[in-house]
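Notes for the one structure printed next.
Quick note on labels: first sequence line is chain A, next is B, and so on, each numbered from 1. Quantities reported herein were computed from a predicted structural model and do not represent experimental measurements.
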Amino acid sequence: MTGSLVRSGVTAVASTPWNVRLRELANKSLFGEAISLYRSMLRSGSSPDAFSFPFTLKSCASLLLPVSGKQLHCHVIRGGCEAEPFVLTSLISMYCKCGLVEDARKVFDENPQSCKLGVCYNALISGYTVNSKVYDAVYMFRKMKEFGVSVDSITMLGLVPVCTVPDYIWFGMSLHGECVKGGTDSEISVLNSFITMYMKCGSVESGRRLFDEMPVKGLITWNAVISGYAQNGLAYDVLELYEKMKSSGVCPDSVTFVSVLSSCAHLGAQKIGQEVEKLIGANGIVSNVFVSNASISMYARCGNLAKARAVFDMIPVKSLVSWTAMIGCYGMHGMGETGLKLFDDMIKSGIRPDKAVFVMVLSACSHSGLTDKGLELFGAMKREYNLEPGPEHCSCVVDLLGRAGRLDEAIEFIESMRVEPDGAVWGALLGACKIHKNVDMAELAFAKVIECEPMNIGYYVLMSNIYTDTKNQEGIWRIRRMMRDRGFRKEPGYSYVEHKGRVHLFLVGDRSHEQTEEVYRMLDDLETSVMEITGNTDNDRDEEVLNSRREHSERLAVAFGILNTSPGAEILVIKNLRVCKDCHVFIKMVSKIVDRRFVIRDASRFHYFKDGVCSCNDYW
DNA sequence: ATAGGGTTAG
């Protein structure tokens, strides 16, 4: 094939040996080899033609090689086949996948036939969508209809995912309506994308309704709802639907397992998580990096640090999320230095940090008392990595300063923030005020925090506890009145303990468990251990302290009951257990007492105690 | 038998 033939617009031939091999490699996803082959082709003097470009462009897109892609674009122009529909679409798609949507748009605009080709719109719309250019995606969709180009299911698949942005939910719903009216909704994949859209917008019920109404459900349909539940924090619903899925004969895949594992993490249900892990191995499902990351987080939150690390070490190519999960794991266990070391390793291995990993790093610092290191890293965020700190990072800084007792600096920091402080920022200040018993500043922080999150009961409880600590009866009543006016109900402080796959529920003061006697015996042993560790045994005979410990005992007894009967159990999850405020120990879960160290967790995070002092100071 | 597509982790 000569260059002149191509230039004159003669259709390319699939059967040149180069092209056949190129197609083979691209279809087998051997993109690197495809690009090498293309280069050898050039070196050998053969000219690429309209049949060679789509495969090579696709390879550049898959490997995110915009520079090679641009070179190819030049070759396309030189070969005169830019107008060839397949080439045109491949070009647009390549630029979109590489994040260069403007270049894709230029290709589209400069070729008159693209505005007649549905595939070109489809490629560009999905490109705008994945690059979160909501406005442009919708604009192209409107243009498409204006020009009378027919909208198909693939257009919808490209467009629907963009509708999760707050202002465009109405648009997404109107699209759904259009599909129902126009009959395009028979495509199962389109419905799947609508389920996801509703779930991402938080309309869990709408998503579920759509799911229930679907006559035919595929694997992805189930996954869409299950992961939707997981993303909305409905961990129990995830497990429930997972069971239903299995009993309806649909075989879960690794995508399903990711959501199930992450829900196990939130429930602290390690047993179920491990079962899932076994299942993954047994079913021969390739454990990909997604599954591994979810496993790390599951083991981390279930207290099995060693297992989490083992999974991390086994990942052949660790993603940024893998590192983030592992760093977060050390952070929640109060092993800030180890977490920071890992962060260094990550940077050294050439991975660019993002905002999420900085949240983990900063919170690891604050949980380990590494105040100045944390502040330094916060500064480096913008300076070295060009990441604009969000409120989530600012709340970590407030936490850092606050725990260190630098309350004035904390409030100064809040005033100097470039972003609007949110509930978490003021909440962190409120928490710091609790530790350092600063009622005046607490009242300020409280006023701000309930402005942001008026329905978050936790902040009312926190403020009330501050008044309790400072013996301000009038303040306590004021908070109670507020809570009553807002219709909060005081929930009973229940605890739950996962043991051998069963979840045991306890109320405060509950003596109904069949092993109550053992539970109380266990308490005595535990408390003795605590006293030894905190070093408070003999030198602390204050009447009030002793009373408070006695009161505390009862709750501990309930909470730790299972420990006695399961010496092998490493984890106990105990929710809402009140803490003895005099000895700085014991919150909601004890896993081991080793080396004068405790690991305790509540529903959302770990508390790592060393010498009786908790790394997070987040006491009730 | 070459282009556009639904579900996943921190």
Side-chain angles (χ1 to χ4, degrees), chain A residues 11-14 19-20 22-24 26-27 49-58 61 84-94 96-97 104 114 117-127 129-130 152-161 187-197 199-200 217-228 230-231 252-263 265 288-298 300-301 311-312 315 318-329 331-332 353-361 363:
Chain A
T11 314
V13 186
N19 284 344
V20 170
L22 208 49
R23 182 178 62 193
E24 239 173 65
N27 285 345
D49 60 20
F51 198 89
S52 331
F53 291 125
F55 303 111
T56 323
L57 284 165
K58 186 184 176 181
E84 193 68 44
F86 293 137
V87 179
L88 186 56
T89 317
S90 299
L91 270 172
I92 293 173
S93 164
M94 182 276 295
C96 287
K97 294 240 166 77
S114 49
L117 290 167
V119 274
C120 287
Y121 285 96
N122 290 351
L124 199 53
I125 289 174
S126 94
T129 297
V130 298
D152 59 10
S153 59
I154 291 171
T155 319
M156 298 313 278
L157 295 176
L159 186 61
V160 173
E187 287 257 7
I188 193 168
S189 53
V190 176
L191 289 175
N192 294 341
S193 75
F194 280 119
I195 292 182
T196 305
M197 178 193 81
M199 289 297 190
K200 292 232 158 102
K217 302 171 176 64
L219 170 61
I220 297 184
T221 318
W222 287 92
N223 284 345
V225 184
I226 289 179
S227 50
Q231 286 156 359
D253 70 349
S254 51
V255 176
T256 324
F257 291 134
V258 167
S259 297
V260 173
L261 284 171
S262 121
S263 301
N288 59 25
V289 69
F290 280 85
V291 174
S292 300
N293 294 342
S295 296
I296 292 175
S297 147
M298 187 268 292
R301 298 183 74 137
V311 174
F312 176 79
I315 304 176
K318 298 166 183 53
S319 73
L320 176 55
V321 177
S322 317
W323 292 93
T324 309
M326 201 60 227
I327 292 167
C329 181
M332 64 175 89
D354 70 350
K355 288 175 148 197
V357 75
F358 266 104
V359 174
M360 293 300 173
V361 171
S363 81

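Side-chain atoms of A/Asp354 come within donor-acceptor range of the base of B/dG10, with a qualifying N/O pair under 3.5 Å. Looking at A/Ser193, its side chain has no donor and acceptor atom pair within 3.5 Å of the base of B/dG6.
Taking the side chain of A/Ser262 as heavy atoms from C-beta on, and the options B/dT8, B/dG5, B/dA9, the nearest nucleotide is B/dA9. Minimum atom distance to the side chain of A/Lys200 is reached by B/dT8, of the listed B/dG5, B/dT8, B/dA9. Of the candidates B/dG10, B/dA9, B/dG4, the closest approach to any side-chain atom of A/Asp152 belongs to B/dG4. The nucleotide whose nearest atom lies closest to any side-chain atom of A/Ala294 is, among B/dG5, B/dA9, B/dG10, B/dA9.
Not counting sequence neighbours, the partners of A/Phe86 by the side-chain contact (heavy atoms from CB on, under 4.5 Å) test are A/Pro54. Contacts of A/Thr221 classified as side-chain hydrogen bond (donor to acceptor under 3.5 Å, both in side chains), with partners at least two apart in sequence or in another chain: A/Asn192. Evaluation of the side-chain contact (heavy atoms from CB on, under 4.5 Å) rule for A/Asp354 yields A/Leu320, A/Ala356, A/Val357 as partners, not counting sequence neighbours. In this structure, A/Val130 has no side-chain contact (heavy atoms from CB on, under 4.5 Å) partners at least two apart in sequence or on a different chain. For A/Lys200, the side-chain contact (heavy atoms from CB on, under 4.5 Å) partners two or more places apart in sequence, or in a different chain, are A/Thr164, A/Thr196, A/Gln231.
In this structure, A/Asn288 places its CG atom 8 Å from C1' of B/dT8, rounding to the nearest Å. Summarising the geometry, the separation between CE on A/Met94 and P on B/dG4 is reported as 12 Å, rounded to the nearest angstrom. Here the C1' atom of nucleotide B/dG6 and the CG atom of A/Asp253 are 13 Å apart, to the nearest Å. Counting to the nearest Å, the P atom of B/dG10 and the CE atom of A/Met360 are 8 Å from each other. Distance A/Ile154 CD1 to B/dG4 C1': 5 Å, rounded to the nearest Å. Rounding to whole angstrom units, CD1 of residue A/Ile315 and C1' of B/dT8 are separated by 14 Å. For the pair A/Asn122 CG and B/dG6 P, the interatomic distance rounds to 12 Å; values are reported in whole Å.
Note on A/Ser259: every side-chain N or O is 4.0 Å or more away from OP1 and OP2 of B/dT8. A/Gln231 has no side-chain polar atom (N or O) that falls below the 4.0 Å cut-off from OP1 or OP2 of B/dT7. For B/dG5, neither phosphate oxygen OP1 nor OP2 lies less than 4.0 angstrom from any side-chain nitrogen or oxygen of A/Ser189.
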List every contact pair, protein side and nucleotides 1-3 of chain B side both N or O, where the distance is under 3.5 Å.
residue, atom, partner, partner atom, Å
B/dA3, N3, A/Thr89, OG1, 3.0

